[in-house]
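One-based numbering, in listed order, for ligands and for the atoms of each.
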Amino acid sequence: MKPQHIRISPEEVAERVVVVGDPARAKFLAENFLEEPRLVNEKRGFHVYTGYYKGTRVSVAVHGIGGPSAAIVFEELYMLGARTMIRLGTAGGLVPQLEIGDAVVATGAAYIHGGTIGSYVPDACMVAAPNPLLTTILYEKAKEIHGRVYLGPVFSSDAFYAEDAHFVEKWSKRGIIAVEMEVATLYALAAMRGFNTAALLVISDNLAVPGKEELKHHEELEPFVEKAARAVFEAITS
Ligand code: GMP
């Protein structure tokens, strides 16, 4: 099937794509990290920029918020020839030691059955784990460039405003260190379609620390996102 939303030709997308939720972050990455960036898609707000990072062709693409939106973008990028996708995102901490700006390399993602992944695999629990080699490279780069990096599993939520104190206790007791909304879909689709993936998340809020529950804006997170982004671009071109 041809892409129905990102209606561009395969030549316009690189094989390596940094995927992000926020169009403002995509613009920031394209302007600060890509050489000769070109905005090749604007439809549906799924902005795609293609350029070069230190001479290697890389795209930056917006996947929006949540599994259903993200699945469309990951599927269409794959149809267009993308074979490695690293998510650079934000997440809420579920354990008190995560400070705002810290980075988490997601070693796996839990999710509620049903939903987007359940529509693909209704009869079983689909694995949602990244490529271990790419994850190791990403972790090493993040440690070197960002410094404060944790490795651990995240929960990919489908309901931002359903996250209360009970939610934090339930998931942290299960060993989950942070919450976001798209990694499980990315990892499950990577397994099913056969592309390489990993994810680096900057902590934008912490649900386990009173007073830190509110999302920090892009500007406040920028120095941390910049370092995380550098690690992602280094990993995706290594
Ligand atoms: O603001 C929601 C967006 O940011 C989603 O794309 C999530 O991946 C991410 N995010 C950052 N912090 C949180 C959080 O505390 N909860 C959830 N559900 N998503 C978060």
K.L.:
What orientation do H63 and F74 show, parallel under 30°, tilted 30 to 60°, or perpendicular over 60°?
P.N.:
perpendicular

K.L.:
Do K212 and E99 pass the salt bridge (charged side-chain N to carboxylate O under 4.0 Å, His left out) test, and can you show the C-alpha distance, the side-chain angles, and the key distance before you say yes or no?
P.N.:
CA-CA 9 Å; K212 292 198 178 164; E99 304 281 351; 3.5 Å; yes

K.L.:
If we ignore hydrogens and angles and just use 3.5 Å, is the side chain of H146 paired with the main-chain N or O of G101 as donor and acceptor?
P.N.:
yes

K.L.:
Does A91 reach ligand 1, in the sense of a heavy atom lying below 4.0 Å from it?
P.N.:
yes

K.L.:
Only one of M181, E182, E180 clears side chain to side chain contact (heavy atoms under 4.5 Å, CB included) with S156; which?
P.N.:
E180

K.L.:
Which heavy atom of the protein is the closest neighbour of atom 1 (O) of ligand 1, given with residue, atom name and distance?
P.N.:
L215 CD1, 3.5 Å

K.L.:
Should you measure from each heavy atom of D205, which atoms of ligand 1 turn up under 4.0 Å away?
P.N.:
11 (C), 12 (N), 13 (C), 14 (C), 15 (O)

K.L.:
Under 4.0 Å between a side-chain nitrogen and a carboxylate oxygen: does that hold for R193 and E75?
P.N.:
yes

K.L.:
Under 4.0 Å from any heavy atom of I65, which atoms of ligand 1 are there?
P.N.:
6 (O)

K.L.:
Which of the numbered atoms in ligand 1 are under 4.0 angstrom from any heavy atom belonging to S204?
P.N.:
11 (C), 12 (N)

K.L.:
Going by the atom numbers of ligand 1, which of them fall below 4.0 Å from some non-hydrogen atom of R87?
P.N.:
8 (O)

K.L.:
State which residues pass side chain to side chain contact (heavy atoms under 4.5 Å, CB included) with V40; sequence neighbours excluded, sorted by chain then number.
P.N.:
I8, E12, R38, V48, T50

K.L.:
Does L207, backbone or side chain, put an N or O under 3.5 Å from an N or O of ligand 1?
P.N.:
no

K.L.:
Which heavy atom of the protein is the closest neighbour of atom 18 (N) of ligand 1, given with residue, atom name and distance?
P.N.:
E163 OE2, 2.7 Å

K.L.:
Starting from atom 6 (O) of ligand 1, find the nearest protein heavy-atom neighbour and note its residue, name and distance.
P.N.:
E182 OE2, 2.7 Å

K.L.:
Using heavy-atom distances only, which candidate in H63, E214, E213, M181 approaches atom 19 (N) of ligand 1 most closely?
P.N.:
M181

K.L.:
Can E31 and K27 be counted as an ion pair, charged N to O under 4.0 angstrom?
P.N.:
yes

K.L.:
Looking only at protein heavy atoms, which one is nearest to atom 4 (O) of ligand 1, and what is the separation?
P.N.:
T90 OG1, 3.4 Å

K.L.:
Classify the side-chain pair E234/Y53 by whether it contains a donor and acceptor separated by less than 3.5 Å.
P.N.:
yes

K.L.:
Could you tell me, atom by atom, which parts of ligand 1 come under 4.0 Å of a heavy atom of G92?
P.N.:
12 (N), 13 (C), 14 (C), 15 (O)

